[in-house]
Visitor: 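Supplied in structure tokens, the structure appears directly below.
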Amino acid sequence: MRLIFFGTSAGKPTKERNVSALGLVFDQDNQWYLFDCGEATQHQIMRSRLSVGKLSTIFITHLHGDHYYGLPGLLSTKTLDKALRPLTLYGPEGIRKFVQCALDTSFDHLGYKLKIVEFKAGETFVFDKCRIKVLPLVHSIESYAFYIRENDTGNRLDESALRAEGMKPSVLYGELKKGRSVMFQGKKFHAKNFMLDPIPGRTLIIAGDNSEPDILGNSLDALDLLVHECTYTQKVYDTLKVKVLHTTAKILGETAQKRQVKNLIATHIAPRYNNKGTENTDLIYREIRENYKGVLFIAEDFDEYCLGRDKVLKKIRCRTAMPAEIAGCHQDK
């Protein structure tokens with residue numbers, strides 16, 4: 001399972017970061033999913049290894065512009081590129097009105113089927129590789145997280161046991177996988193005796209803007225991966241004259257530790273934290289690390305991560321435009 005960050009900035013783009021967008025790709029799949037689509041997301045996709053042509057589904061966490069203003073351009077470009085694969089867009093109430101208004105005003109006629117689904121908290125959607133449940137968050141407008149549970153991997157033969165019985169790979173393996181008993185060298189082999197236990201699917205949450213990570217409740221318990229906003233450090237947040245409903249590094253770290261989240265990626269970083277100033281993402285990293293002992297990364301645009309079946313998260317690619325040591329990639333040693 002791979003995650004590719006197209007935008008990691010909060011509120012507005014910077015020279016280092018675009019606004020929110022994240023791609024999700026399952027193993028051995030010919031499609032991918034996009035979570036949020038801030039302004040210029042299509043530019044970011046063009047600079048990545050993913051293509052709009054294989055994009056099948058978009059989820060929007062909430063209707064603040066930095067999370068969905070990139071939709072009209074992306075939807076139109078699909079037509080111009082002759083990428084006519086059907087597309088489903090999931091979002092809060094109001095997303096249909098926005099898209100229809102943008103397309104009608106520009107007299108844009110899509111050459112493919114676009115299905116728009118306005119969801120409610122608690123709904124679950126079933127896909128080929130996973131189930132996705134919509135969870136409510138705490139923000140200045142309705143905002144949501146997506147709990148993603150990959151399907152368990154089943155129907156696995158215990159080949160070592162079969163080989164020990166003298167049966168090498170053959171068409172008989174296929175029959176056993178179908179649950180049928182087979183005869184081999186005068187002996188009957190019952191399928192149930194040679195099937196391995198299913199491998200539990202991986203779990204992750206991709207959250208929109210949220211001031212209270214713990215509202216995710218039991219969904220966080222022993223979660224394989226949490227992707228969550230971390231807009232400010234606690235020190236900066238405490239000095240804000242107008243308090244905004246966003247999460248601090250301290251609160252995020254404390255919640256992830258309390259819930260025993262295995263892997264954590266912090267994103268949606270306030271523009272004040274940049275690699276050229278005195279305030280950089282090291283401050284966010286250190287504040288989370290003081291409170292959280294699991295695997296931790298601070299996302300940068302174009303970072304690519306792999307969550308293996310062993311539930312271990314690894315960064316497999318940093319910013320495409322520069323080496324990791326220049327881009328300031330954070331990862332545990």
Side-chain angles (χ1 to χ4, degrees), residues 2-25 32-83 85 87-92 94-95 98-103 105-106 108 110 112 114 116 141 143 206-209 227 229-231 246 265-276 281 298-305 317-322 326-329:
R2 291 186 294 128
L3 298 93
I4 301 94
F5 284 82
F6 299 120
T8 58
S9 181
K12 68 175 185 178
T14 70
K15 291 181 179 181
E16 298 172 359
R17 300 173 180 271
N18 199 48
V19 285
S20 294
L22 167 62
L24 176 65
V25 186
W32 63 280
Y33 303 78
L34 178 64
F35 292 83
D36 282 338
C37 185
E39 178 187 352
T41 291
Q42 65 171 321
H43 290 260
Q44 304 291 84
I45 294 173
M46 287 190 291
R47 296 174 62 192
S48 78
R49 294 192 289 177
L50 298 183
S51 70
V52 172
K54 291 188 176 181
L55 174 62
S56 66
T57 311
I58 301 175
F59 279 89
I60 301 298
T61 61
H62 66 293
L63 298 185
H64 274 158
D66 58 318
H67 293 259
Y68 78 109
Y69 279 176
L71 280 174
L74 177 60
L75 297 177
S76 298
T77 294
K78 266 180 59 69
T79 299
L80 296 175
D81 286 349
K82 307 299 182 184
R85 180 179 194 150
L87 180 68
T88 303
L89 170 62
Y90 295 85
I95 193 68
F98 169 79
V99 171
Q100 289 178 341
C101 179
L103 296 178
T105 302
S106 60
D108 209 340
L110 302 181
Y112 57 91
L114 173 65
I116 301 177
I141 63 172
S143 184
I206 298 174
D209 289 3
V227 180
E229 69 130 296
C230 187
T231 309
H246 287 291
I265 302 178
T267 185
H268 198 268
I269 309 300
R272 68 187 297 151
Y273 302 101
N274 60 78
N275 292 331
K276 296 181 180 179
T281 53
I298 309 298
E300 304 267 357
D301 286 18
F302 301 110
D303 280 357
E304 185 171 339
Y305 298 87
R317 182 182 293 254
C318 289
R319 300 168 66 98
T320 56
M322 59 188 73
I326 298 175
C329 296

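Every heavy atom of this structure was used, including side-chain atoms; hydrogens, water molecules and symmetry mates were not. Count residues from 1 along the sequence.
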Visitor: Which residues pass the side-chain hydrogen bond (donor to acceptor under 3.5 Å, both in side chains) test with Asp36, not counting sequence neighbours?
Guide: Thr61, His67
Visitor: Among all residues two or more places apart in sequence or in another chain, which pass the salt bridge (Lys or Arg N to Asp or Glu O under 4.0 Å) test with Arg85?
Guide: none
Visitor: Nearest 0.5 Å, what's the CD-SG distance between Gln42 and Cys37?
Guide: 8.0 Å
Visitor: Just jot down the side-chain hydrogen bond (donor to acceptor under 3.5 Å, both in side chains) partners of Ser76, sequence neighbours excluded, or say none.
Guide: Asp108
Visitor: Can I get a per-line list of side-chain donor-acceptor pairs under 3.5 Å for residues 50-58, giving both atom names and the distance, sequence neighbours left out?
Guide:
from: Ser56; atom 1: OG; to: Gln31; atom 2: OE1; distance (Å): 2.7
from: Ser56; atom 1: OG; to: Trp32; atom 2: O; distance (Å): 3.4

Visitor: So Tyr33 and Phe59, ring-ring contact (aromatic ring centres under 6.0 Å, His included) or not? Walk me through it.
Guide: CA-CA 8 Å; Tyr33 303 78; Phe59 279 89; 7.2 Å; no
Visitor: Could you give the distance from CG (Asp209) to NE2 (His62), rounded to the nearest 0.5 Å?
Guide: 3.5 Å
Visitor: What is the distance from atom CG of Leu3 to atom CG of Leu24, rounded to the nearest 0.5 Å?
Guide: 5.0 Å
Visitor: Who are the salt bridge (Lys or Arg N to Asp or Glu O under 4.0 Å) partners of Glu304, not counting sequence neighbours?
Guide: Arg2, Arg49, Arg317
Visitor: Once rounded to the nearest 0.5 Å, what's the spacing between atom OG1 of Thr88 and atom CD1 of Ile116?
Guide: 10.0 Å
Visitor: Hey, are the side chains of Asn275 and Glu300 touching, using non-hydrogen atoms and a 4.5 Å cut-off?
Guide: yes
Visitor: Keeping Thr77 on the side-chain end and Leu74 on the backbone end, is there a donor-acceptor pair under 3.5 Å?
Guide: no
Visitor: How many angstroms lie between OG1 in Thr8 and CD1 in Ile265, if you round to the nearest 0.5 Å?
Guide: 11.5 Å
Visitor: Is there a donor-acceptor pair under 3.5 Å between the side chain of Asp66 and the backbone N or O of Val19?
Guide: no
Visitor: Does the separation of the ring centres of Phe302 and Phe6 fall below 6.0 angstrom?
Guide: no
Visitor: Quiz question: by atom type and distance under 3.5 Å, do the side chains of Glu16 and Thr14 form a donor-acceptor pair?
Guide: no
Visitor: Please tell me if the side chains of Leu34 and Thr41 come closer than 4.5 Å, counting only heavy atoms from C-beta onward.
Guide: yes
Visitor: Can you name the side-chain hydrogen bond (donor to acceptor under 3.5 Å, both in side chains) partners of Ser9, sequence neighbours left out?
Guide: none
Visitor: If you count heavy atoms of other groups shown closer than 6.0 angstrom to OH of Tyr69, is the number above 12?
Guide: no
Visitor: Side chains of Lys15 and Lys276: does their closest heavy-atom pair fall under 4.5 Å?
Guide: no
Visitor: Could you tell me whether the side chain of Ile60 reaches within less than 4.5 Å of the side chain of Leu71, counting heavy atoms only?
Guide: yes
Visitor: As an exercise, state the distance from CG of Asp303 to CD1 of Ile4, rounded to the nearest 0.5 Å.
Guide: 10.5 Å
Visitor: I'd like to know if the side chain of Asp81 and the backbone of Lys78 have a donor-acceptor N/O pair within less than 3.5 Å.
Guide: no
